[in-house]
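Worksheet: one structure, shown below.
Just so you know, these numbers use all the heavy atoms, side chains as well, and skip hydrogens, waters and symmetry mates. Naming: A, B, ... by sequence-line order, numbering from 1 per chain.
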Amino acid sequence: MLLRHTTKTVADREALTVNPAKTCQPIGAMYAALGVHNCLPHSHGSQGCCSYHRSTLTRHYKEPVLAGTSSFTEGSSVFGGQANLLQAIDTMFTVYNPDIIAIHSTCLSETIGDDLKQIITKAMEDGKIPAGKNVAYAHTPSYTGSHVTGFANMCESFVDQFAESSGVKSKRINLLPGWVEPSDMRILKRMLAEMGLDVVMLPDTSDVLDAPMTGKGGMYPAGGTTLEQIRSMGDSAFTFALGDWASTSAATKLNAKFNIPVEVMDLPIGLSATDRFLDRVRTVTGKPVPASLTADRGRLLDMMTDMYQYLYGKTVALYGDPDQLIPLTEFLLDLNMVPKFIVSGTPGKKFMSRMEQLVPDSKFKNGKCADMFLMHQWIKNEKVDLLMGNTYGKYIARDEDIPLIRMGFPIMDRVGHQYFPTLGYRGAMHLLEKILSALMDRKDRDAPEESFELVM
Amino acid sequence: MLLRHTTKTVADREALTVNPAKTCQPIGAMYAALGVHNCLPHSHGSQGCCSYHRSTLTRHYKEPVLAGTSSFTEGSSVFGGQANLLQAIDTMFTVYNPDIIAIHSTCLSETIGDDLKQIITKAMEDGKIPAGKNVAYAHTPSYTGSHVTGFANMCESFVDQFAESSGVKSKRINLLPGWVEPSDMRILKRMLAEMGLDVVMLPDTSDVLDAPMTGKGGMYPAGGTTLEQIRSMGDSAFTFALGDWASTSAATKLNAKFNIPVEVMDLPIGLSATDRFLDRVRTVTGKPVPASLTADRGRLLDMMTDMYQYLYGKTVALYGDPDQLIPLTEFLLDLNMVPKFIVSGTPGKKFMSRMEQLVPDSKFKNGKCADMFLMHQWIKNEKVDLLMGNTYGKYIARDEDIPLIRMGFPIMDRVGHQYFPTLGYRGAMHLLEKILSALMDRKDRDAPEESFELVM
Amino acid sequence: MSEEIKLPDPGPLKEAILAKYPTKVARKRKKSMVANDPETRPAVQANVRTVPGLITQRGCCYAGCKGVVLGPTRDIVNITHGPIGCGFYSWLTRRNQTRPETLDHENYMPYSFSTDMEESNVVFGGEKKLKQAIQEAYDLFHPRGIAVFATCPVGLIGDDIHAVCKEMKTKFGDCNVFAFSCEGYKGVSQSAGHHIANNQLFKHLVGNDDSVSAGKFRINMLGEYNIGGDAFVIEELLERCGIELVATFSGNSTLKQFENAHTADLNCIMCHRSINYVAEMMETKFGLPWIKVNFIGADASAKSLRKIAQYFDDAKLTEQVEKVIAEEMATVEKAVSAIRPTTQGKRAMMFVGGSRAHHYQELFNELGMVTVSAGYEFGHRDDYEGREVLPTIKVDADSRNIEELEVEADPERYSPRKSEAELAKLAGKGLTFRDYEGMMPAMKTNALVIDDISHYEMEKLIEFYKPAVFCAGIKEKYCVQKLGVPMKQLHSYDYSGPYAGFKGAVKFYQDIQQMVANRMWSLLKAPWQETGPQLDADYIG
Amino acid sequence: MSEEIKLPDPGPLKEAILAKYPTKVARKRKKSMVANDPETRPAVQANVRTVPGLITQRGCCYAGCKGVVLGPTRDIVNITHGPIGCGFYSWLTRRNQTRPETLDHENYMPYSFSTDMEESNVVFGGEKKLKQAIQEAYDLFHPRGIAVFATCPVGLIGDDIHAVCKEMKTKFGDCNVFAFSCEGYKGVSQSAGHHIANNQLFKHLVGNDDSVSAGKFRINMLGEYNIGGDAFVIEELLERCGIELVATFSGNSTLKQFENAHTADLNCIMCHRSINYVAEMMETKFGLPWIKVNFIGADASAKSLRKIAQYFDDAKLTEQVEKVIAEEMATVEKAVSAIRPTTQGKRAMMFVGGSRAHHYQELFNELGMVTVSAGYEFGHRDDYEGREVLPTIKVDADSRNIEELEVEADPERYSPRKSEAELAKLAGKGLTFRDYEGMMPAMKTNALVIDDISHYEMEKLIEFYKPAVFCAGIKEKYCVQKLGVPMKQLHSYDYSGPYAGFKGAVKFYQDIQQMVANRMWSLLKAPWQETGPQLDADYIG
């Protein structure tokens, strides 16, 4: 056993987190910043933060992830990080020539109380920000919320600091996609394009973290929301914010500053959540859902009804982020499956209320000490048929002989999530194919020879 | 062991086929006919043929597969099937109202020498073919070639019997996609649409054998090449025929009748074959390959280079149809893999010459007694890392503990092939993801605890 | 059960269907569609030619012979003589499970053997290739038996497969080689193939081994093909009761079992349609009588066990049988009471096989579901109306072509297991021999009985009855589901099962519950399809 | 090897790079980029602050302490005291393999433990939560040791983690509890963390257990972290030679090994950078000397084994060592001669760690490949130029803040393993103690040595040198590959390995061959990118 010290008996823990189901804010801010065109993220803290975040994102995407760090020393920790940040801004614009530098703070710079806005103002005054170049910043203290909070804060900062009102309202739709994969960003754009909508999506990591191999390199891939697009968001007619945790704050900011109406919705994972999303888009915009999407829906449903018998009643343990877990739980219910154990390290009360409503008979927990160790203990008490979550689940999967569907962040031991979406009907089909493969491979493996099935 | 009688010692066989790697012509004709809009395939033979073909196609697609049969009795076998076919044509038009009935023969009707053309003429004379309705026919004797031949023959019949010359040449491209999945048909159309081409593809089973679940049913799904489109093929400027076995005869017929230039190419499976296809389309049409496709190519290549180490030198046994096996072998070589054993029941000398050129050091055979039993014996002598082929491979996979990638026909125990293509760069990515999953799952399974890897 | 539910008159539905057909077709189909009256049992036209082009469920003679009857025997190398297709399609597609005695025992079922006839074989004859194929099979495997199955062209080109087999059998000495002239065009459905299979089994195997095992209550189970493990369940039940199973025709069987089958004292027939021939012949030749049994349905299983006990008329056996039934029924009743609230009163329809469309009504009844319409794919009139109609059935050309073996009492081995008096006494107690009542007596008045249903009729019926569950085979599976109706395959059990016996009944209840409770069927419409075109385009418009 | 190849003057490249930088930055970076002269070894500025914003490979002090040095020990519960991130990112990401004695022995390495500090803990102090976390860990696992690692905020808010640990250690009685003040901002790279780790290991563990095992030739292996199983290979080699391994710092290690390490008779240092401190202190306190070894590269492995044998000066040991080397070299030479034709003369570059960028040149040399440029991520000048420069290194503020333990000879346990005379004699035979030559003497003239390379410099170097293989870490992996250059990770070995010893060398050769022979790199251009715009639009145009 790899996790040989995980016992069946669940003891209350108040202080010790074991095998966390979350990480810290700055990595979310870095991911969000990578979804802006020609933007260089910058970590205002010790070198380790930046190195850890870049490494983790790189392992997840198998793509270049570039970002600067303020390289705090003991001195900066005592005297403040202003000098480091000023030099960093100067160096980065000079050497790497981004359009935007997107600074996020860390537990260190937050603890010492660095005022990012003031430092950036100073940089501007000192002429360290070339004409036409921009610096965004977000406060992302690692000791509150989780990686999702950092993503939300960076998104909020982008719209707060760049979105403008030209005085003329457009028919454009703002889409805040939440923390999803480049493949998901791509399918979101495609779905709304099929509906004939003019959309600006922030951030957009497609063509950034799924960039083609060309042999030519280059610091800034083709993708990312442009500054021009972000600016235009202040004129938009409506904001769809996907994922309560990841997107509410930016949406609220747009509403507050520009009076843009907002709908915060679940990520369109699975049939029902995608239905709700597209239908709301339809009623808001007056654009009918095109036949192509209705047909995709029908194909998903066809796959579901064709294969329901391999899904019915199968139990699942899942872990990850609330924005994913809530619609995923709902999708599993649509599949007649039983989401039995659900944990998320990301705090937020809505998680519990949504889960109580969806799966009142299951065990679920988020926030403090809601970790993979706890979930594993639950599993020790009652085995499940399937695990869904990030790569760290593979240790439980192996120990308990449960198939693992990799979903969430980080996925460090397989590829595909960059390229194949889990959002929308097509994404649900991908996901369903994976679930079916896992369960059916297991069935084949465990069948006695006499009931090894040719047709399934 | 499920295949406990398969021995290591390979004995020459001349007459006994064991575990075939092909099936008979009519099923291919039925599949081709399903790719024509509002077309009802008809099997001119005993009931069993039709039942077997419908069952096998249904198991593969998990979709309705409707077709008529002439329901031969002993009497019809003696006196000929004309009466049965005449009644069948009348009944089908009356009850099921297709636009086209596509008749194929069987070993039975071929052995007794039924003249389909003459019977159809009689039906017309007898008024059994309503105005505006059409009957196509193909001779598909089960005792020559294989299922692929039947597909080719039906395709040839469609163009022979329906394509017309209006006297005015169009800029349209004829695309004969070969025997590929609905998902592949879809991606072929999409690629050429991205190139801005006017294409008529025959057959087209997308939106037929991947039809959405609506609860409304209906005999004829939305898809399929329309009769109007087939007619227009005589005016086209060029014909791309994908797959030597499946598409050459129809292309040749178009050339012979309408003097349309032809290029017979490999199915675009994998990077190199897709490169060749798109580049030839480019040089023929003068339309540049758009950036979107070049980017897809780069993403495929990125995935390949990122993960090469899990592929390098891995050995593969594959079985199926020549049109698939040839480009698939080439793709495996691009992946630095070793296609070691290759069999196809489908005859045709080009198979051996192509393979000799691609994999001179491997074992391969097609045609007579080139069956899965032989391949299994080869594997018994030298184990491979991966099996690729249809569902029947699962027995070898289990006995020899080798992962199986399902590809080809029929796939009866998994879903996905209807929906996720293997053609084009995107298809190659899907395929590569499957190969990687299979190999990496195995690596995880077999790793000692101490070298169980988090990051891969 | 469900006595309160009355079914609508299917007359108008039938008229609507027939109206669509060409006159001749309508005239023919009319006779195969009958509103049931369980008392009078009106005649159902059956076992007649399918109208060409009508889209039928039916397969061919080869499928019935090689696929159904011989398929489940594991130690015979079954060589299909013909083009590759027939051997390919019948390769492992019927879910006949088998359990070799040890890891070393023969099991050829996962293999497909074919002569892969090519054009030259059709032109110049295939006997040489067949002989060579038999030789290669023998050299490779040294099996106890090799069987050859003819496909359509074989009869036409005149290959004498029986002569070839005889020659090879003689040559080998230690391997029984025999053939089946089961060309696909024979008869009107799989049914002809069953008959041909029965004949050859009887000719070439039954009676070859006279050794008698030690058991006290020795029976054969006929017409049980071990789909999804059904036979295993029955084997286990019989064993617990102390009844010895000599042979099964042909689920989980071996050649040896067939050879020894005539030594049993009772033939129990599950699927009357496919296997009654061999039972009849065994009785004539060897003297063991047959009874109809049915292990589909918990009540039916109990009834069948009791019938067997009644036959042997042994107090201890009866006691043991009752004990087993009591044990099993406890679990069954628990399952029924848990599940029935979700199934009660719902409608089922089934069109399949030659006995299943009858047997499975038992299980639906136990769930409180009503069979509103049913029919066979390849049944005969007796399977609908009961064996008493046998003398009135007109033998048409298609049936006449299927050989009827002339069988006589074996001069040495014939031994009536019960005297006429004993049989009469048992009959008096309700144990009827050589009898099968058919599906109609068990069905409700006005249930629509349809033989050899067409695709068109199926669609119309679904539209009319809106069943909760529709049962048929793989070809119908997705046609039905695309109409929004859950579909249960009763050939393959949708790769589930076993459904036989008490355990199988519980499994079936659960599977049906899953279909009825499956929430996917409530998602057929997207929200924008529900609400229609009205919008609340507050913001953009 | 490859003596014939001369490297170009890197001066113009260096100038081109520096020209891009702001003046101050250029001035600083200039000193860290040096054209090698293996004789004169020009000074390489190292272990100085990274220019903020320049995009560095470097991590932090915590990473060096918790991640590198303490990570590989399996029976200590390592609690990260801080917000969740640091504990999360250092969870299982370094591929330190470990092999518990039995299935029941402790292994906490697959676990991540953290106090998950929240805002209130930052505001009001985290000691209480830390104490509680230690208690919970103890209650859950009852480990032999619990270690606490400080993250950035901890030092700033003033949590006294050492006091907390001391209190808990006393409370438990049977569990060693100790802490590391390895806040991320300390020092200029992971290097500071190594030093802090060394100090605490020495203070809290080394010397706790004086029991001496029976082996004759007892050594410790220091600075070997068992990435990809390297330590297993070395363990096996030593065992075959008859050399007893008392402790490894810290690959495949246990707390107990550290406690007993001072009883060994020789410290062998693999990674001089990360571990020389504890070797120095052990020599001062307990009298065992240290030598530099290197098991990366077949020749280097042979050399290292011979050095150990030389130290113990025992004929039988020497004989056995030679026997083992001879056996292993046979396989190595076979592999080299098969692979070298595909690698000969190709260029390699490596920028990684504090010793790997030196050690791996051995392996590339054996493949006939030329290291055209190299540098460390967190090395010091002595790692480039050799330990003789130590006295000339100016200790700056960042280094001065890292504690230097005051160590004296243990009054009771100090025992010099060799007399000064013996040591001198061995030195005369070429066995140098307390010495490390650095990477430069082994490199070619004009090879470009760069410390703490930036992303920009890396891109420029690749453009200039067009290497066949580039080596660095995960952050650089795909940046390099996107330039069309195969990239080998030398922290994680790209999840391959082991690369140590003779077997590891062969594995490395094979892996490099796969990179060089990988045909994917020839597919970078689509045909339409090769041929440009010309078309032969014969038919349409």
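- Residue with the most contacts toward chain B among C:S112, C:S120, C:G484: C:S112 (heavy-atom pairs, distance under 4.5 Å).
- Using bins of under 30°, 30° to 60° and over 60° for the plane-to-plane angle, the ring pair B:H5/C:Y108 lands in the parallel bin.
- Listed by first then second residue, pairs satisfying salt bridge (Lys or Arg N to Asp or Glu O under 4.0 Å) with a partner in residues 82-95 of chain C read A:E453-C:R95, not counting sequence neighbours.
- Only the side chain of C:L156 comes within contact range of chain B, judged by heavy atoms closer than 4.5 Å.
- Interface remark: B:Y96 contributes side-chain atoms only to the contact with chain C (heavy atom separation under 4.5 Å).
- Both the backbone and the side chain of B:Y52 come within less than 4.5 Å of a heavy atom of chain C.
- Put simply, the side chain of C:K482 gets close to the backbone of B:A211: a donor and an acceptor are under 3.5 Å apart.
- If you measure heavy-atom distances from B:S55 to chain C, the contacts under 4.5 Å come from both the backbone and the side chain.
- The backbone N or O of B:L108 lies less than 3.5 Å from no partner atom in the side chain of C:Y185, so there is not a single donor-acceptor pair.
- Contact of C:Q190 with chain B is not made at all, since no heavy-atom distance falls under 4.5 Å.
- With a threshold of 4.5 angstrom between heavy atoms, C:P100 approaches chain B through side-chain atoms but not through N, CA, C or O.
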Inset, instruction - Take C:L524 and B:M213 through the side chain to side chain contact (heavy atoms under 4.5 Å, CB included) test and state the conclusion after the steps. - result: CA-CA 7 Å; C:L524 289 177; B:M213 165 64 72; 3.6 Å; yes
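- No part of B:Y61 comes within reach of chain C, as not one of its non-hydrogen atoms sits under 4.5 angstrom from that chain.
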Inset, instruction - Under the side chain to side chain contact (heavy atoms under 4.5 Å, CB included) rule, what do B:T111 and C:C152 come out as? Steps first, then yes or no, please. - result: CA-CA 9 Å; B:T111 302; C:C152 289; over 6 Å; no
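- Contacts of C:I134 with chain B are absent, with no heavy-atom separation under 4.5 Å from either backbone or side chain.
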Legend entry - Residue pair C:E457, B:V95: steps toward the side chain to side chain contact (heavy atoms under 4.5 Å, CB included) verdict: CA-CA 10 Å; C:E457 291 157 15; B:V95 180; over 6 Å; no
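- Each of C:I462, C:N401, C:T151 has some count of heavy-atom pairs under 4.5 Å with chain B, and the biggest count is that of C:N401.
- Counting only distance, with no hydrogens or angles, the side chain of C:E136 and the backbone of B:E14 share a donor-acceptor pair below 3.5 Å.
- In this view, C:R99 and A:E450 satisfy the salt bridge (charged side-chain N to carboxylate O under 4.0 Å, His left out) rule, not counting sequence neighbours.
- The most heavy-atom pairs under 4.5 Å with chain B, out of C:Y111, C:Y21, C:Y495, come from C:Y111.
- Between C:Y89 and B:H53, the two ring planes are perpendicular [angle over 60°; tilted spans 30° to 60°].
- Close approach to chain B, defined as a heavy atom under 4.5 Å from one of its heavy atoms, is seen in C:C60, C:Y62, C:A63 of residues 60-67 of chain C, taken by number.
- Contact annotation for C:R49: only side-chain heavy atoms (C-beta onward) come within less than 4.5 Å of a heavy atom of chain B.
- Highest contact tally toward chain B, considering only C:T56, C:L103, C:T115, C:L130, is held by C:L103 [criterion: heavy-atom pairs under 4.5 Å].
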Inset, instruction - Kindly determine whether B:T94 and C:K20 satisfy side chain to side chain contact (heavy atoms under 4.5 Å, CB included), including the steps that lead there. - result: CA-CA 7 Å; B:T94 308; C:K20 177 84 173 180; 5.7 Å; no
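- For B:R4 (side chain) and C:H105 (main-chain N/O), a donor-acceptor pair under 3.5 Å exists by modelled atom type.
- Contact tally against chain B (heavy-atom pairs below 4.5 Å) for C:V480, C:D139, C:T93, C:I157: the top residue is C:T93.
- Side chains of B:S51 and C:K475: a donor on one and an acceptor on the other come within 3.5 Å.
- For the set B:K216, B:H42, B:M1, B:K22, the count of heavy-atom pairs under 4.5 angstrom toward chain C peaks at B:K22.
- Residue with the most contacts toward chain C among B:E110, B:Q87, B:K368, B:M372: B:Q87 (heavy-atom pairs, distance under 4.5 Å).
- Per-residue counts of heavy-atom pairs under 4.5 Å with chain C were compared for B:T7, B:T9, B:I27; the largest is that of B:I27.
- Under the side-chain contact (heavy atoms from CB on, under 4.5 Å) criterion, B:A397 pairs with B:L387, B:L404, not counting sequence neighbours.
- Of the two parts of B:P141, neither the backbone nor the side chain holds a non-hydrogen atom closer than 4.5 Å to a non-hydrogen atom of chain C.
- Under 3.5 Å, the side chains of B:Q47 and C:T50 contain a donor-acceptor pair of N or O atoms.
- Most heavy-atom pairs under 4.5 Å with chain B: of the set C:V25, C:L92, C:D398, C:V123, this distinction falls to C:L92.
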